[in-house]
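Heads up, the thing below is written out as structure tokens.
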Amino acid sequence: MNPEDKLSLGEAASRYLAGLAATDKEAAQVEINRFVRWYSWNTPTNKLSPPQVAQYAERLESSVPDAAKKLEPVRNFLAYLKKQGITASNLSVHLKLKKTSAKQVSRATAPRPRQQIALTA
């Protein structure tokens, strides 16, 4: 049994953050800790699953603006877990946001025509 199998997600996050430069650490810490709290601090890293990682991305996308920017530190953390041999697969590929078509974007940003309201005397 590999000793990394018993490594908790919180411990792995602490290791990752300790290895970052101070400027990178500040930016990444908030988002990585948000991910770890959502998943659970004590979850063994070998229990991370692609569907749950994807679910985190979906939840984040619906709750915060600029979700892509907030997912980047988590994506880097999950890639680190794979590089260190802590996880069997690279789970960062499962952090995907839904693609919006140009039609949806243009509808959202297009001004709506004003409705005329008729007032009686």
Take Phe35 and Tyr56 through the ring-ring contact (aromatic ring centres under 6.0 Å, His included) test and state the conclusion after the steps. CA-CA 8 Å; Phe35 173 74; Tyr56 175 77; 5.0 Å; yes

Spatial distance of atom [atom1] ([X]) from atom [atom2] ([Y]) [nearest 0.5 Å]:
| X | Y | atom1 | atom2 | value |
| --- | --- | --- | --- | --- |
| Arg59 | Arg34 | CZ | CZ | 7.0 Å |
| Asn76 | Leu81 | CG | CG | 11.0 Å |
| Leu71 | Phe77 | CG | CZ | 14.0 Å |
| Leu7 | Gln84 | CG | CD | 10.5 Å |
| Leu48 | His94 | CG | NE2 | 11.0 Å |

What is the minimum heavy-atom distance between [X] and [Y], and which atoms define it?
| X | Y | value |
| --- | --- | --- |
| Pro73 | Ala27 | CG-O, 4.4 Å |
| Val36 | Ala13 | CG2-CB, 3.7 Å |
| Ala28 | Leu20 | CB-CD1, 4.0 Å |
| Tyr39 | Lys47 | OH-O, 3.7 Å |
| Leu60 | Lys70 | CD2-CB, 4.0 Å |
| Gln52 | Trp38 | O-CH2, 3.2 Å |

Do Lys82 and Leu91 come close enough that some side-chain heavy atom pair is under 4.5 Å?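 Of all side-chain heavy-atom pairs linking Leu91 with Lys82, none is under 4.5 Å.
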
With a 3.5 Å cut-off and no angle check, do the side chains of Ser40 and Asn42 form a donor-acceptor pair?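 The criterion, which ignores hydrogens and geometry beyond distance, is not satisfied for Asn42 and Ser40.
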
We want to know whether Glu11 and Ser14 form a side-chain donor-acceptor pair, criterion being a heavy-atom distance below 3.5 angstrom.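 Side-chain D/A pair, Glu11 to Ser14: absent.
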
Could you see if Val74 belongs to whatever hydrophobic cluster contains Trp41? Use Ile, Leu, Val, Met, Phe, Trp, Tyr and a side-chain cutoff under 4.5 Å.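 Linked, Val74 and Trp41 end up in one cluster.
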
Using a 3.5 Å distance criterion without hydrogens, assess whether the side chain of Thr45 forms a donor-acceptor pair with backbone atoms of Thr87.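 Answer holds: no.
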
